[in-house]
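These notes concern the structure reproduced below.
For the numbers below, each heavy atom of this structure counts, side chains included, while hydrogens, waters and symmetry mates do not.
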Amino acid sequence: MDFYAINALRENHAGWSLLRAQNAPLAVSFFMKAFTGPNQRDIGRQELIDHLDDVLFGLREVFGEDKYPRPAGEYLDEWAAPERAWLRKYYVPGQDEPRYDLTASAEDVVRWVESLSGRDFVATQSRLTSIFAVLKALVQQSETDPEVRLAELQRQRDGIDAEMQRIKDGNIRVMTAPEALDHFQQLTTLAKDLLSDFREVEQNFRKLDRQVREQIATWDGTQGELLASIFANQQDISGSLQGRTFQGFWDYLMSPQLRTELRDLLQRATQIDALAKLDNLHAVTNLHQDWLPAVEQTQATVRQLSQQMRRLLDDKVFLENKRIMQLVRSIESGALGTREVPPSGVFMEIAAQSVDVALPFERPLYEPSRRIMVDDVVVAANDAEVDAGALFSQFHVDTERLKSNIDDVLAGAEQATLGDVAAAHPLSQGLAEIVAYYQLATESDWASINPDESQQLSWQLPDGSIREATVEQIIFVRPA
């Protein structure tokens, strides 16, 4: 970066303007208390005003009533204004109260200010270990020579065998207290950085949403070209490095096995003796619970982008149809006015009437019609033994029963697949019940359909035969 780029950041960047603001200590300390400290997002206006009133009350008792004299709501409106952009103010569908969230630029400032206070313990060994681990994975997973990769795997297996033998001999090496603190501090730092990354990813999706709406509003070409341009932008986002890594994290987080392993590891980490005196130890066990709402909010932004795109295109089609109807009405009214007061002179020229001439020999010769033999013998069918019960054997799939089945399975687990639900509550209505589960998954915000994975479902017919179906994997997650 050169002088001009840095000067442009100084004049236009929201984070830099926060550092230069007169009430920067108030804003940064409040952001720490309300957002980054408890790792909260999507806070209602009244709740945020109550937090800020408590902060202002404490400051006015120390510095006097003239210190920050404005109401808390005015400070929130100022910090969420476009020229500040320290807070993001938005509305959730179906709610009248505005919601607030910290912007990525303001969060960067908060993290930087927190780092200025220094740390009692600086993690160095764990960082070096992480660098070696990442570097080894980069080199080994990029190697194309089979012999080299097999040799590396053999070396790793020899090391594992030697470590197992040392443990069998009673030589067990346990991580020391400084090493445990080192790794724990790096764990908490990476977890906070990950939540901060979600805000930046969501902000990039919102930028795409704004660009798409601006493009639709000013578009002069055909709708086909507009759709092609929009889909190309979406493909660029999903195919970028950030989009692919975010999708990979989402797939990792939605894996039942990996989430169970992560939860077990976090629970075992809280039982380490070297970390027993830490105040924020138990907060580590809720890391995955903090990630789920953040990821869900980012996914909701992507869904909102698709909804906004469809709504704007529908409005554009409506306006075009309205313009066509206006032109048709103007033509009709002009025709009626011309009928009452015809113009002088020649108004319109049409071809004169003419007689169609048909020569006799152009007509085809007579051809007698062919007789078609129709068998009109009606045979009365013997329907005495016809079973009409099939006409009355219709049934209804109770979706409330299916929801209770899902809730019953999720009562003992944080997530479950459709196969887990069917194992606990067997399918009694066959394929119709599976379709109803699909409908519940598409309408729910706490369910996802993974087209890359499949699962086998089976049910028993009244005659005792078994039917099987191979469907896409459906994952139900317990609401937070």
Side-chain angles (χ1 to χ4, degrees), residues 212-235 305-397 429-436 438-439 442-443 449 451 461 463 465 467-472:
V212 167
R213 281 187 278 182
E214 291 176 356
Q215 187 177 8
I216 292 176
T218 59
W219 187 262
D220 295 331
T222 62
Q223 291 187 7
E225 296 174 350
L226 175 61
L227 288 176
S229 176
I230 292 174
F231 291 148
N233 290 335
Q234 282 189 316
Q235 187 65 28
L305 170 61
S306 301
Q307 295 173 359
Q308 289 286 350
M309 182 174 62
R310 178 178 178 180
R311 187 179 297 112
L312 291 173
L313 289 177
D314 290 342
D315 293 341
K316 192 174 184 65
V317 172
F318 171 76
L319 293 176
E320 291 180 354
N321 293 335
K322 184 178 180 180
R323 176 58 179 165
I324 292 174
M325 293 305 299
Q326 290 177 351
L327 294 175
V328 172
R329 293 291 182 268
S330 63
I331 294 174
E332 292 177 348
S333 60
L336 292 176
T338 304
R339 185 186 64 179
E340 299 296 335
V341 184
S344 59
V346 179
F347 174 69
M348 182 181 296
E349 293 184 357
I350 59 175
Q353 296 182 354
S354 59
V355 179
D356 295 334
V357 178
L359 300 178
F361 291 100
E362 291 180 353
R363 299 179 180 179
L365 300 177
Y366 172 75
E367 181 179 355
S369 59
R370 298 180 180 180
R371 291 185 179 183
I372 301 176
M373 301 302 294
V374 179
D375 187 4
D376 56 355
V377 178
V378 178
V379 179
N382 184 13
D383 56 355
E385 298 181 356
V386 175
D387 184 14
L391 298 175
F392 305 98
S393 62
Q394 306 297 323
F395 60 88
H396 169 69
V397 179
Q429 294 175 300
L431 191 59
E433 191 170 349
I434 296 177
V435 174
Y438 262 90
Q439 182 179 0
T442 55
E443 295 176 354
I449 300 176
L461 297 181
D463 58 359
S465 60
R467 293 289 185 270
E468 293 184 353
T470 303
V471 298
E472 296 176 344

> Is Leu365 atom CG crowded by more than 12 heavy atoms from other residues, nucleotides or ligands, each under 6.0 Å away?
Replying inline: no
> Where is the tightest heavy-atom contact between Ser465 and Asp463, given as atom of each residue plus distance?
Replying inline: OG-OD1, 2.8 Å
> Which heavy atom in Ile449 sits nearest to a heavy atom in Glu472, and how many Å separate them?
Replying inline: CG2-OE1, 3.3 Å
>> Gln326 vs Arg323, test: side chain to side chain contact (heavy atoms under 4.5 Å, CB included). Steps then yes/no.
In response: CA-CA 5 Å; Gln326 290 177 351; Arg323 176 58 179 165; 3.7 Å; yes
